[in-house]
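Each remark here refers to the structure printed beneath this line.
Note that these values count all heavy atoms, side chains included, but never hydrogens, waters or copies made by symmetry.
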Amino acid sequence: MFLYCGIACRRKFFWCYRPLSTYVTKTRYLFELKEDDDACKKAQQTGAFYLFHGLAPLLQTSAHQYLAPRHSLLELERLLGKFGQDAQRIEDSVLIGCSEQQEAWFAVDLGLDSSFSISASSHKPEMETELKGSFIELRKALFQLNARDASMLSTAQALLRWHDAHQFCSRSGQPTKKNVAGSKRVCPSNNIIYYPQVKVWKRPSVEKLQKRWDWRWKACSTVHPSTGPFLVAHS
């Protein structure tokens, strides 16, 4: 009896520990890619890319929901060559995650202003036909995506938007340069490092939505005379 209980406890401990071990392994791998440009470039060779155009992700329709297709580096290079874009556009990609098998996931926007592509926007309809999908605004498609794709695309969009808005140093006015993973930007003139500060919107549960909209006015005794009453949400 004691032997059986011991085996059962060890099995339970193993299955509880396994997700934590996988999380730690993935976190360490992502940290390595963010800090080592050579390792990140190597990961791009076997990684997968989510495609965006003007911050709108490429989506495909399947059974009344949207799917976010991923493309290999070879497929991406072939697509860029077909529409007259420089393969250096891949340098604009950002690292957004990885699988349990350490397949790195990246995101790249084919429509944002870039020195690598001047006429990217004019090719949007042709790209959608070639890729058998559509570039759809994320806020319109979020609730028709599965949880993993919604999280990945939200992270990717936030990072791409941040890099697009922080191309110049706030002190020197000189162009900043991103590392391969897109985890930071550096100003070459003064070596100031800028890190992304992005807030990813996550789909809330029904309970959180109810709490979020459960507003009440604060007591009049606590109202500041210069600001007036304000709203407080229960957390």
Side-chain angles (χ1 to χ4, degrees), residues 26-58 70-98 104-124 127 135 137-139 151-202:
K26 290 172 61 177
T27 302
R28 288 177 176 174
Y29 179 64
L30 290 174
F31 180 79
E32 178 187 357
L33 297 184
K34 291 177 181 179
E35 297 299 320
D36 190 337
D37 286 349
D38 292 333
C40 192
K41 288 182 179 179
K42 185 178 180 180
Q44 287 181 344
Q45 304 296 322
T46 57
F49 291 80
Y50 290 90
L51 303 185
F52 285 72
H53 194 288
L55 296 177
L58 175 70
R70 297 195 297 265
H71 298 79
S72 66
L73 179 64
L74 183 62
E75 292 172 336
L76 180 56
E77 290 176 340
R78 188 183 300 116
L79 177 71
L80 293 174
K82 183 174 182 178
F83 292 99
Q85 296 194 37
D86 198 310
Q88 287 184 323
R89 162 70 77 169
I90 300 173
E91 295 180 5
D92 291 338
S93 63
V94 294
L95 176 69
I96 58 175
C98 70
W105 296 333
F106 299 87
V108 61
D109 198 302
L110 306 178
L112 291 179
D113 294 336
S114 171
S115 58
F116 303 138
S117 176
I118 301 176
S119 58
S121 298
S122 62
H123 295 303
K124 180 179 177 180
M127 285 183 179
F135 293 103
E137 290 186 37
L138 183 57
R139 61 186 179 87
S151 177
M152 284 288 108
L153 294 179
S154 297
T155 300
Q157 187 190 67
L159 277 173
L160 292 171
R161 179 182 285 111
W162 183 86
H163 281 285
D164 184 53
H166 293 78
Q167 298 183 27
F168 296 90
C169 177
S170 60
R171 177 172 296 182
S172 67
Q174 298 298 316
T176 56
K177 184 178 180 180
K178 66 179 282 294
N179 64 339
V180 178
S183 60
K184 60 184 177 181
R185 299 189 72 93
V186 181
C187 178
S189 63
N190 51 31
N191 294 323
I192 293 180
I193 301 176
Y194 295 89
Y195 293 97
Q197 296 181 358
V198 296
K199 183 177 181 181
V200 178
W201 189 90
K202 295 185 178 181

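Nearest heavy-atom pair across Ala104 and Cys98 is CA-CB, 4.1 Å. What you find for Asn179 and Asp37 is that their closest heavy atoms are CB-OD1, 3.7 Å. Of all the heavy atoms in Val186 and Ile193, the pair that sits closest is CG2-CG1, 4.1 Å. Contact between Arg89 and Val108 at its shortest, heavy atoms only, is O-CG2, 3.8 Å. Between Val94 and Gly182, the shortest heavy-atom contact is CG1-CA, 4.2 Å. The minimum heavy-atom distance between Ile96 and Leu159, with the atom names listed, is CG2-CD1, 4.2 Å.
Rounding to the nearest 0.5 Å places CD of Glu77 at 11.0 Å from CG of Leu79. We find the CD-NZ distance between Glu91 and Lys41 to be 7.0 Å, quoted to the nearest 0.5 Å. Atom CD of Gln44 and atom OG of Ser72 lie 12.5 Å apart (nearest 0.5 Å). Note that the CD atom of Gln167 and the CH2 atom of Trp162 stand 10.5 Å from one another [nearest 0.5 Å]. Going from atom CD of Gln157 over to atom CG of Asp109 covers 9.5 Å, rounded to the nearest 0.5 Å.
Side-chain atoms of Cys187 and Arg171, non-hydrogen and from C-beta on, never get closer than 4.5 Å to each other. The shortest distance between side-chain heavy atoms of Leu110 and Leu80 falls below 4.5 Å. Residues Thr176 and His166 have side chains not in contact (no heavy-atom distance under 4.5 Å, counting atoms from C-beta outward). No side-chain heavy atom of Gln174 sits under 4.5 Å from any side-chain heavy atom of Phe168. Contact check for Met127 versus Gln85: side-chain heavy atoms found under the 4.5 Å cut-off.
A salt bridge between Arg161 and Asp164 is absent, with no side-chain N of the basic residue lying under 4.0 Å from a carboxylate O of the acidic one.
When the shell of 6.0 Å around NZ of Lys184 is examined, it contains more than 12 heavy atoms from other residues, nucleotides or ligands.
Under the 30°/60° scheme for interplanar angles, the aromatic rings of Phe106 and Phe49 are found to lie parallel.
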